[in-house]
Amino acid sequence: MTFSLPDLPYAYESLAPYMSKETLEFHHDKHHLAYVNNGNNLLKGTEWEGKSLEDIVRGSFGKNVALFNNAGQHYNHMQFWKWMKPNGGGKIPGALEKALIDSFGSVDKAKEALVQAGATQFGSGWGWLAVVDGKIVATKTANGENPLVHNGKPILGVDVWEHSYYIDYRNRRPDYLKAFVDHLVNWEYVAELYHAAIG
């Protein structure tokens with residue numbers, strides 16, 4: 001399959017004030033598009049041409065660094081746009097809420113673990129909630145890596161590359177992460193991925 005840039009599932013201005021129109025325009029229209037274009041060029045003539053995005057990400061990890069970086073970031077961003085919604089945060093669907101409590105002790109602790117993962121990722125990368133062996137864990141990865149290449153199934157990720165928050169928050173990454181968890185997360189979509197991961 002070739003990579004293509006998805007449309008955002010909401011208007012550029014609809015995540016404000018927690019994520020600005022300017023941030024989304026740069027992040028989606030420039031950064032994500034670059035991963036798509038570079039990924040398509042790097043995919044040509046490789047053994048992964050015609051494979052699914054997940055297969056490309058898993059297969060190129062540790063074997064083709066340039067392709068992996070762009071395919072990984074394309075995968076991460078395809079999900080990232082869906083992990084947010086206008087008027088996000090709020091109530092968490094029941095089965096997911098129970099799983100978060102079972103895994104972390106409380107929903108607040110689960111959110112804190114995700115914020116902590118993102119805040120302590122040195123340099124560029126991602127904070128994650130992922131299903132590993134049937135349990136939800138908080139983890140972090142550098143650059144374009146994600147839980148797919150570490151025997152996990154990502155159900156929620158937050159981008160901590162500077163281009164995802166610097167226009168709005170400058171160097172206050174923890175404030176961005178807290179705003180993401182409290183006001184942007186599309187918990188219904190996270191619940192869908194959780195059910196698929198344990199199914």
Side-chain angles (χ1 to χ4, degrees), residues 1 3-4 6 8-9 32 35-36 39 43 47-48 50-65 67-85 88-121 124-161 164 177 180-181 184-199:
M1 66 175 278
F3 305 157
S4 60
L8 284 177
H32 191 174
Y35 303 132
V36 166
L43 191 56
E47 63 193 275
W48 301 289
K51 296 273 174 60
S52 74
L53 180 55
E54 287 85 352
D55 286 344
I56 295 164
V57 169
R58 286 192 187 100
S60 62
F61 181 59
K63 295 180 186 160
N64 183 327
V65 174
L67 174 58
F68 171 77
N69 286 341
N70 286 280
Q73 281 291 76
H74 177 47
Y75 173 89
N76 295 349
H77 284 83
M78 290 284 287
Q79 300 290 349
F80 185 56
W81 311 129
K82 295 183 200 169
W83 278 321
M84 298 185 289
K85 69 174 187 177
K91 189 157 170 47
I92 299 174
L96 174 61
E97 183 181 44
K98 183 180 181 309
L100 290 170
I101 293 166
D102 290 346
S103 296
F104 293 95
S106 73
V107 168
D108 284 345
K109 283 186 180 159
K111 290 177 178 177
E112 281 165 25
L114 177 60
V115 167
Q116 187 65 10
T120 57
Q121 169 54 40
S124 298
W126 293 74
W128 301 98
L129 292 181
V131 175
V132 179
D133 299 327
K135 196 174 162 77
I136 303 176
V137 301
T139 183
K140 58 190 173 185
T141 59
N143 300 320
E145 283 184 34
N146 62 52
L148 281 181
V149 299
H150 299 291
N151 301 313
K153 292 177 180 172
I155 61 170
L156 177 59
V158 58
D159 191 345
V160 295
W161 286 59
S164 67
L177 289 163
F180 175 85
V181 166
L184 293 176
V185 175
N186 180 351
W187 289 110
E188 288 77 18
Y189 184 60
V190 178
E192 272 178 50
L193 294 178
Y194 171 70
H195 289 301
I198 60 167

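Nearest heavy-atom pair, W187 versus L100, reported as atom, atom and distance to 0.1 Å: CZ3-CD1, 4.3 Å. Between A119 and L177 the shortest heavy-atom distance is N-CD1, 3.3 Å. The minimum heavy-atom distance linking W128 with G157 is given by the pair CE3-CA, 3.5 Å. When all heavy atoms of V131 and Y194 are compared, the pair lying nearest together is CG2-CD1, 3.8 Å. Between V160 and G118, the shortest heavy-atom distance links the atoms CG1-O, 3.7 Å. Between G144 and W161, the shortest heavy-atom contact is N-CZ2, 4.4 Å.
Here the CG atom belonging to N146 is positioned 8.5 Å from the CZ atom belonging to R58, to the nearest 0.5 angstrom. Taking CD from E188 and CG from L96, the interatomic distance works out to 9.5 Å, rounded to the nearest 0.5 Å. Of the inter-residue distances, the one linking N70 atom CG with L43 atom CG reads 10.5 Å to the nearest 0.5 angstrom. Note: I155 CD1 to Q79 CD = 11.5 Å, rounded to the nearest 0.5 Å. With rounding to the nearest 0.5 angstrom, the CG atom of D133 is 10.5 Å from the NZ atom of K153. Remark: L114 CG to K140 NZ distance equals 12.0 Å, nearest 0.5 Å.
Side-chain contact between Y75 and P154: present, with at least one pair of heavy atoms (C-beta onward) separated by less than 4.5 Å. Using a 4.5 Å cut-off on side-chain heavy atoms (C-beta onward), H150 and T139 make no contact. For the pair V149 and V57, the minimum side-chain heavy-atom distance is below 4.5 Å. Between V185 and W83 the shortest side-chain heavy-atom distance does not fall below 4.5 Å. Using a 4.5 Å cut-off on side-chain heavy atoms (C-beta onward), K63 and F68 make no contact. Put simply, the side chain of L193 reaches to within 4.5 Å of the side chain of Y189, judged on heavy atoms. Proximity of H32 to W81: side-chain heavy atoms (C-beta onward) are separated by under 4.5 Å at one or more points. Residues W48 and D55 have side chains not in contact (no heavy-atom distance under 4.5 Å, counting atoms from C-beta outward).
When Q121, Q73, E145 are each tested for a side chain to side chain donor-acceptor pair (under 3.5 Å) with W126, only one passes: Q73.
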The test is side chain to side chain contact (heavy atoms under 4.5 Å, CB included); show your working for L156 and F180 and say whether it passes. CA-CA 11 Å; L156 177 59; F180 175 85; 4.0 Å; yes
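In this structure, S164 contributes its side chain and D159 its backbone to a donor-acceptor pair below 3.5 Å.
Using cut-offs of 30° and 60° on the angle between ring planes, the pair H77 and Y35 is tilted.
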